[in-house]
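First the proteins, then the strands, lettered A, B, ... as listed; each starts at 1.
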Number of protein chains: 2
Amino acid sequence: MTATIKDVAKMAGVSISTVSRVINDSKPVSSEIRQKVLEVIDELGYKPNEIARTLVTKKSFLIGVIVTDLGDTYIAQLVRGIEEVGKMYDYDILLCSTYGDKDTELKFMQLLSRKQVEGIILISDSLDSEIDREIKDFKIPFVYLNRYFYTEDFPTVTIDNAEAAYEMTNYLIKLGHENIAYVSASQEEYSLELLKLDGYKKAIAENEGLVENIFYAKGRSIEDGYEICSDITESDNDITAIFCSHDELAIGVLNYLYDNDFEVPEDISVAGYGDIKTASIFRPRLTTIKEPFYDIGAVAIRRIIKEIKKESMDKNTIFLPFQIQKRDSCAKI
Amino acid sequence: MTATIKDVAKMAGVSISTVSRVINDSKPVSSEIRQKVLEVIDELGYKPNEIARTLVTKKSFLIGVIVTDLGDTYIAQLVRGIEEVGKMYDYDILLCSTYGDKDTELKFMQLLSRKQVEGIILISDSLDSEIDREIKDFKIPFVYLNRYFYTEDFPTVTIDNAEAAYEMTNYLIKLGHENIAYVSASQEEYSLELLKLDGYKKAIAENEGLVENIFYAKGRSIEDGYEICSDITESDNDITAIFCSHDELAIGVLNYLYDNDFEVPEDISVAGYGDIKTASIFRPRLTTIKEPFYDIGAVAIRRIIKEIKKESMDKNTIFLPFQIQKRDSCAKI
DNA sequence: TTGAAAGCGCTACCAT
DNA sequence: ATGGTAGCGCTTTCAA
């Protein structure tokens with residue numbers, strides 16, 4: 001079997017306390033003995049059992065991360081940020097995918113709690129009151145991340161969505177566009193869509209002569225964008241720019257335009273929201289709002305670790321800066 | 001503090017053994033006592049500490065997964081397969097990203113071993129002899145996954161790459177193409193590129209009158225594909241189809257063609273390899289070889305779990321079926 | 001069917 | 001500076 005601290009102690013002719021001291025550097029040990037112990041450790045290939053260690057110290061150095069689907073590139077980016085910063089503080093990530101199912105979400109929360117994670121980051125599309133109760137019971141640091149809803153109920157990190165949509169709309173206006181369509185994904189309550197829409201409306205309102213052209217897609221997928229686009233091109237308000245509330249929608253729009261022989265940006269400009277990976281690969285490259293997914297993940301776990309270490313508490317919602325990523329899909333009229 | 005088995009025992013007026021029995025269903029317990037215990041568990045919100053449990057049972061239900069970068073969509077797909085099948089057997093995933101660094105790779109191997117994972121899946125771009133030694137020491141189930149090299153040294157799961165390239169080339173030939181360029185990523189030893197190239201060569205050789213047109217890109221990124229494409233279009237052998245050894249290269253090629261006013265597939269056909277997510281989103285949709293990444297991950301962890309459970313041993317290399325994914329980027333000449 | 005107790009591998013406290 | 005030992009929360013003999 002694998003060597004334990006006992007084996008090391010025996011073979012080195014010292015007590016297990018001493019061995020513990022050298023591997024943890026917790027108390028002074030005479031250099032000869034330390035030397036000897038180190039040798040034995042090397043010889044035996046001894047590796048401390050972190051499970052046993054956790055049992056006594058209560059520190060698992062584990063953070064649970066529950067996601068809907070790693071296949072979403074923005075989620076993968078979030079997890080990258082979480083993981084990388086976590087590692088900086090010696091924390092490991094325990095990963096669970098729900099694929100949107102609320103029951104598994106809850107199940108994983110419990111599972112992670114039993115596995116003694118020191119914190120949980122939940123990335124999910126929708127809010128849930130059950131989660132609320134559950135997480136309060138655990139009383140471990142918790143952060144809730146998502147791209148679709150806003151909430152004050154949970155600690156979260158996000159960007160100022162209204163401002164972002166406002167700036168993008170203004171950018172389009174400055175480019176000379178007078179008929180700017182806005183494609184929203186839904187009208188649900190607490191939806192970030194509402195905030196984004198406000199930004200768009202505000203910009204339109206501030207510019208005399210401009211009117212709102214709002215379209216509601218069925219959802220927020222590429223297909224939904226594709227579908228709504230026919231409505232837009234067939235509407236009689238000579239639209240010259242389409243601003244979509246999600247990159248996925250924008251890519252659907254781009255695809256529709258491509259398939260129907262519209263030139264982008266010559267005939268029509270298209271802007272997205274998010275800057276998912278595909279946005280920069282696609283031709284034409286998508287002008288979009290860069291949501292700093294990696295950073296959001298990084299800040300989220302940083303927040304959790306701070307709370308674990310009982311350092312200064314951040315406020316519930318942390319806002320990160322965004323950027324208007326100007327690329328090829330938008331041009332002057 | 002959180003309730004322990006002791007608290008439950010005390011409050012239910014039974015021994016901890018009895019409580020253990022009811023939560024594990026390991027031995028018969030009279031139904032009244034079971035009832036009582038269950039009530040107390042519910043009241044206290046007791047959840048067994050999996051760490052303590054692991055310490056005695058030696059079963060952590062943890063599998064370590066070391067990846068280069070979750071940002072690669074194919075890796076995300078692999079991990080999805082790993083995670084989902086893992087969960088079916090109650091296994092959780094401990095995730096580590098190396099970003100290609102060999103030292104961290106090794107560090108994580110050790111870390112995971114100390115965290116008592118029951119198996120390790122390593123997804124990495126290159127082989128390493130140090131890993132070899134390390135993993136033999138641990139003697140826990142191990143699978144090595146990658147897209148670039150072949151090896152008999154480690155258990156792995158892959159597709160028949162030579163056959164895949166052979167079939168794709170044949171498909172192009174059947175489409176009427178006579179001057180088919182092949183874009184390879186490198187000429188390194190043990191590289192899968194060699195196998196793929198063999199497939200291409202074989203197909204060309206079997207068809208009288210056809211000649212090889214092989215181009216070597218600098219690497220396997222989108223940029224590399226973009227770059228090499230100018231060589232191809234400027235060569236004097238009237239190329240009508242380009243078969244790239246990676247989707248990323250193909251997308252670079254597509255982008256170059258787009259930027260230089262070539263029509264795909266009208267002027268030139270382009271085929272990829274891998275079927276990464278972007279391949280199906282892109283316009284034109286990329287014809288490519290579908291590597292079943294999700295399934296590869298799934299089979300990999302299945303193999304590990306089999307080994308943990310000491311079920312029948314698979315052979316070292318498991319081959320999965322692939323598919324020629326016919327889309328819009330390739331057409332009859 | 002139930003309970004007592006040993007022990008998993010380790011840390012941390014108390015002695016010396 | 002070093003050793004002995006209790007105990008972390010649990011499972012698993014062994015007795016009763």
Handout entry: Min side-chain heavy-atom separation Leu38(B)-Arg34(B) under 4.5 Å
Key =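 Yes; the side chains approach each other to less than 4.5 Å.
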Exercise for the section: Map Glu50(B) and Arg21(B) onto DNA chain D by nearest heavy atom, then report which one ends up closer to the 5' terminus. Expected result: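 Comparing both residues, the 5'-ward one is Glu50(B).
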Practice task
Mind grabbing the angle between the end helix axes of the helix from dT1(C)-dA16(D) to dT16(C)-dA1(D)? Five pairs an end, 10° rounding.
Solution key: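 Rounded to the nearest 10 degrees, the bend comes out at 40°.
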Handout entry: Ion pair Lys115(B)/Glu50(A), N-O distance below 4.0 Å
Key =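 Looking at Lys115(B) and Glu50(A), the cut-off is not met.
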Restricting to salt bridge (Lys or Arg N to Asp or Glu O under 4.0 Å), what partner residues turn up for [X], sequence neighbours left out?
| X | answer |
| --- | --- |
| Asp69(A) | Arg80(B) |
| Glu311(B) | Arg302(B) |
| Asp132(A) | Lys136(A) |

Output yes when a side-chain donor or acceptor of [X] lies under 3.5 Å from a complementary backbone atom of [Y], and no otherwise.
| X | Y | result |
| --- | --- | --- |
| Ser15(A) | Thr18(A) | yes |
| Ser124(A) | Ser126(A) | yes |
| Asp137(B) | Glu134(B) | no |
| Asn161(A) | Ile159(A) | yes |
| Asp72(A) | Tyr74(A) | no |

Exercise for the section: Go through DNA chain D in 5' to 3' direction and return only the first and the last nucleotide with some atom under 4.0 Å of chain B's heavy atoms. Expected result: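 Using the under 4.0 Å cut-off, the span is dC8(D) to dT13(D).
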Problem - Contacting residues from residues 51-62 of chain A, given that a heavy atom lies under 4.0 angstrom of DNA chain D - result: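 Going residue by residue through residues 51-62 of chain A, the ones with a heavy atom under 4.0 Å of DNA chain D turn out to be Leu55(A), Val56(A), Lys58(A).
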Exercise for the section: Take atom NZ of Lys10(A) as the centre, draw a 6.0 Å sphere, and report whether it contains more than 12 heavy atoms from other residues, nucleotides or ligands. Expected result: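 Counting neighbours around NZ of Lys10(A), 12 or fewer heavy atoms of other residues, nucleotides or ligands fall under 6.0 Å, so no.
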Exercise for the section: Answer yes or no: does atom NZ of Lys6(B) have more than 12 heavy-atom neighbours from other residues, nucleotides or ligands under 6.0 Å? Expected result: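 Counting neighbours around NZ of Lys6(B), 12 or fewer heavy atoms of other residues, nucleotides or ligands fall under 6.0 Å, so no.
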Exercise for the section: Show your reasoning for whether salt bridge (charged side-chain N to carboxylate O under 4.0 Å, His left out) applies to Lys87(A) and Glu83(A). Expected result: CA-CA 6 Å; Lys87(A) 282 289 190 299; Glu83(A) 212 254 337; 2.7 Å; yes
Handout entry: Residues from residues 23-38 of chain A lying under 4.0 Å of DNA chain C - heavy atoms
Key =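 Residues of residues 23-38 of chain A under 4.0 Å from DNA chain C: Ile23(A), Asn24(A).
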Problem - Proximity to DNA chain C (any heavy atom under 4.0 Å), residues of residues 10-20 of chain A only - result: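 Correct list: Ile16(A), Ser17(A), Ser20(A).
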Exercise for the section: On DNA chain C, reading 5' to 3', which nucleotide is the first and which the last to sit with an atom under 4.0 Å from a heavy atom of chain A, could you check? Expected result: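 Boundary nucleotides touching chain A, in 5' to 3' order, are dC8(C) to dC13(C).
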Practice task
Go through the steps for Ser20(B) and Ser17(B) under the test side chain to side chain donor-acceptor pair (under 3.5 Å), then give the verdict.
Solution key: CA-CA 5 Å; Ser20(B) 174; Ser17(B) 319; over 6 Å; no
Going by ring-ring contact (aromatic ring centres under 6.0 Å, His included), name the pairs with one or both residues in [range], residues two or more places apart or in two chains.
| range | answer |
| --- | --- |
| residues 109-144 of chain B | Phe142(B)-Phe154(B), Tyr144(B)-Phe154(B) |
| residues 33-68 of chain A | Phe61(A)-Tyr91(A) |
| residues 112-137 of chain A | none |

